Amino acid sequence: MSLHRIYSIIYILAFYSGIIWLFYRVNRNRQRILVFHHIIPDNLINDSFEQQIVCSSQSHFERLVEIVNKRFEVTTQIGKTNSAIITVDDGYRAALTADVVLSKFGNNAYFFLPLSNVNGGPLWNDKIMGWIAYVPTGEYVIAGQTYCLNSQSSRQKAYKAITNFIYTNDYNYSSIIEQLELICPFDKLNISEEYKNIRFRGLTQDEITQIKQNGHKIGGHSINHDVLSLLQTEKLKHDFQRCSTQINKLFNCDLYAYPFGHKRHVSIECIKECAGSGFSAAVMNEYVPNETQYTLSRIKISHYTSIYEIDAELSGFKQWLRNIRRWKK
């Protein structure tokens, strides 16, 4: 029996035995901050690895938001006990689909925007991901390495290998994008115009204004969605300084979300620069055991389909199981 199947059974048993509800009770003073990325209309969902990693269908997002509303008060007030905050990253026009769903529940959320994606897009990491996901099947030489892209699993492995190459070779993603464009321009890929407009084009100024008028918060998310821990000190300082100038302008709040947002992407220097800027708090993209105001945890439930696993995560039971596994190691 697979480990995933074993945990699925544990979640079911915990649900019906009342353990899940006990964890909700024990953790009633906690606030849950939930992270989502690209909310895609159901008719545009496909089997690409890029959607599997960062996209959720509109109907699935609606189901998750409904569950969250049944369990918590949904708010934009940081630190409110027994509540949930919904956040949506990256500032693509898919955020408009998220807004449609949120309006059904009367919810307001945080939308985190990289500055370069306003009237722009795609971001560098999404351009690479989209290229690998939708370039025609075949063999391609990228950065001196040959990749056979003939399945979604092979494409996902190639994406991981190429991004790892970027991270360990002077963090020069521009040269990789130049190579990809020479092989096949991004605009020539087999991506429908409808999908491209939602998934790979950033919000316009007018759309951002409308989102703010709908009651949502717009927060900082860097200039170019860089891995901040890989930036040189001066570039890191510049990134936070430029973003902080947009507080009370493009941004109508002073909350920041670190791009990528895992511990390996957010160094002590990044946290220090954020704290020294005009932002009052910042969120990560994972659970942080000893969180501070500038390393607030976020929970990802976007790809869960089982109500038992969703409740295990929201209640804190799943994190408790993860902690036990760490302690045993």
Side-chain angles (χ1 to χ4, degrees), residues 32-72 74-76 84-114 117-123 125-127 129-130 133-134 191-204 206-219 221 225 255 257 259-261 283 285 298-307 309-310 313-314:
R32 281 72 164 178
I33 305 178
L34 309 177
V35 55
F36 295 91
H37 284 82
H38 318 303
I39 311 305
I40 306 298
D42 289 17
N43 66 304
L44 296 177
I45 292 296
N46 59 46
D47 65 351
S48 67
F49 84 89
E50 67 95 8
Q51 285 202 359
Q52 293 172 16
I53 292 175
V54 291
C55 298
S56 302
S57 71
Q58 182 174 348
S59 59
H60 183 57
F61 179 65
E62 184 167 338
R63 176 175 178 251
L64 293 174
V65 172
E66 182 178 16
I67 292 169
V68 171
N69 274 270
K70 287 179 178 178
R71 303 289 185 263
F72 308 103
V74 176
T75 183
T76 55
I85 290 177
I86 295 172
T87 68
V88 182
D89 284 9
D90 294 351
Y92 287 104
R93 299 187 72 249
L96 301 174
T97 309
D99 177 44
V100 169
V101 173
L102 293 166
S103 67
K104 290 184 178 181
F105 298 91
N107 293 158
N108 292 134
Y110 283 89
F111 290 83
F112 293 112
L113 273 60
N117 220 21
V118 179
N119 294 310
L123 299 166
N125 53 304
D126 286 307
K127 192 164 191 176
M129 182 185 289
Y134 299 113
I191 307 174
S192 73
E193 209 47 41
E194 184 181 9
Y195 185 60
K196 192 181 293 182
N197 275 328
I198 290 173
R199 171 65 182 90
F200 294 107
R201 291 199 174 124
L203 291 162
T204 67
D206 288 344
E207 288 166 341
I208 294 167
T209 297
Q210 185 59 57
I211 287 174
K212 288 192 281 192
Q213 289 175 348
N214 290 348
H216 301 295
K217 303 293 186 182
I218 304 295
H221 200 39
H225 203 278
L255 185 62
F260 299 99
V283 294
N285 205 12
R298 283 200 290 179
I299 298 171
K300 186 176 181 179
I301 61 170
S302 57
H303 289 82
Y304 295 167
T305 56
S306 163
I307 185 62
E309 187 169 18
I310 294 166
E313 188 71 82
L314 291 176

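In this text the structure is predicted, and so the values were computed from the model without any measurement.
- Here the side chain of Q58 pairs no donor or acceptor atom with the backbone of I39 at under 3.5 angstrom.
- Under the side chain to side chain contact (heavy atoms under 4.5 Å, CB included) criterion, S59 pairs with D42, S57, sequence neighbours left out.
- Evaluation of the salt bridge (charged side-chain N to carboxylate O under 4.0 Å, His left out) rule for K104 yields E62 as partners, not counting sequence neighbours.
- A donor-acceptor pair is defined here as one N or O able to donate and one able to accept, closer than 3.5 Å; such a pair exists between the side chain of Q51 and the backbone of N46.
- Here CG of L44 is found 14.0 Å from NE2 of H38. Values are rounded to the nearest 0.5 Å.
- Residues that satisfy the side chain to side chain contact (heavy atoms under 4.5 Å, CB included) test with N43, not counting sequence neighbours, are P41, E194.
- Of the inter-residue distances, the one linking I45 atom CD1 with Q52 atom CD reads 10.5 Å to the nearest 0.5 angstrom.
- Once rounded to the nearest 0.5 Å, the distance linking CG of N197 with OH of Y92 reads 13.0 Å.
- Residue F36 holds its CZ atom at 13.0 Å from SG of C55, rounded to the nearest 0.5 Å.
- Atom CZ of residue F200 and atom OH of residue Y134 lie 5.5 Å apart, to the nearest 0.5 angstrom.
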Before you tell me yes or no, could you show the steps for I208 and I218 under side-chain contact (heavy atoms from CB on, under 4.5 Å), namely the whole-Å CA-CA distance, both residues' side-chain angles and the distance that decides it to 0.1 Å? CA-CA 8 Å; I208 294 167; I218 304 295; 4.2 Å; yes
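- Judged by distance alone, with hydrogens and angles left aside, the side-chain atoms of H60 form no donor-acceptor pair with the main-chain N or O of H303 at under 3.5 Å.
- Considering only residues two or more places apart in sequence or on other chains, D99 meets the salt bridge (charged side-chain N to carboxylate O under 4.0 Å, His left out) condition with none of them.
- With contacts defined as side-chain heavy-atom distances shorter than 4.5 Å, the pair R71/I310 does not qualify.
- The two residues S56 and S302 come nearest to each other via the heavy atoms OG-CB, 3.5 Å.
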Show, in sequence, the C-alpha distance, side-chain angles and deciding distance for L34 and L64, and conclude whether the side-chain contact (heavy atoms from CB on, under 4.5 Å) test is met. CA-CA 10 Å; L34 309 177; L64 293 174; over 6 Å; no
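- Considering every non-hydrogen atom in both I211 and L203, the closest pair reads CD1-CD1, 3.8 Å.
- Partners of E207 by side-chain hydrogen bond (donor to acceptor under 3.5 Å, both in side chains), not counting sequence neighbours, listed by chain and number: R93, T204.
- Taking each heavy atom of A98 and F111 in turn, the nearest pair found is CB-CE2, 4.2 Å.
- For R32 (side chain) and L314 (main-chain N/O), a donor-acceptor pair under 3.5 Å exists by modelled atom type.
- Contacts of R63 classified as side-chain hydrogen bond (donor to acceptor under 3.5 Å, both in side chains), with partners at least two apart in sequence or in another chain: none.
- At distances below 3.5 Å, at least one donor-acceptor pair connects side-chain atoms of H216 with backbone N or O atoms of A109.
- Residues passing the salt bridge (charged side-chain N to carboxylate O under 4.0 Å, His left out) test with D90: none are found, sequence neighbours excluded.
- With sequence neighbours excluded, the residues satisfying side chain to side chain contact (heavy atoms under 4.5 Å, CB included) with T76 are N108, Y110, K217.
- Every residue two or more places apart in sequence or in another chain that forms a ring pair (Phe, Tyr, Trp, His ring centres under 6.0 Å) with H221 is listed here: H225.
- Taken to the nearest 0.5 Å, the OG1 atom of T75 stands 10.5 Å off from the CD1 atom of I33.
- Residues passing the side-chain hydrogen bond (donor to acceptor under 3.5 Å, both in side chains) test with Q210 are N214, sequence neighbours excluded.
- Under the side-chain hydrogen bond (donor to acceptor under 3.5 Å, both in side chains) criterion, E193 pairs with R201, sequence neighbours left out.
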Give the intermediate values and the outcome of side-chain contact (heavy atoms from CB on, under 4.5 Å) for residues I53 and H37. CA-CA 10 Å; I53 292 175; H37 284 82; over 6 Å; no
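- In this structure N107 satisfies the side chain to side chain contact (heavy atoms under 4.5 Å, CB included) test together with V65, N69, V74, I86, L102, F105, sequence neighbours excluded.
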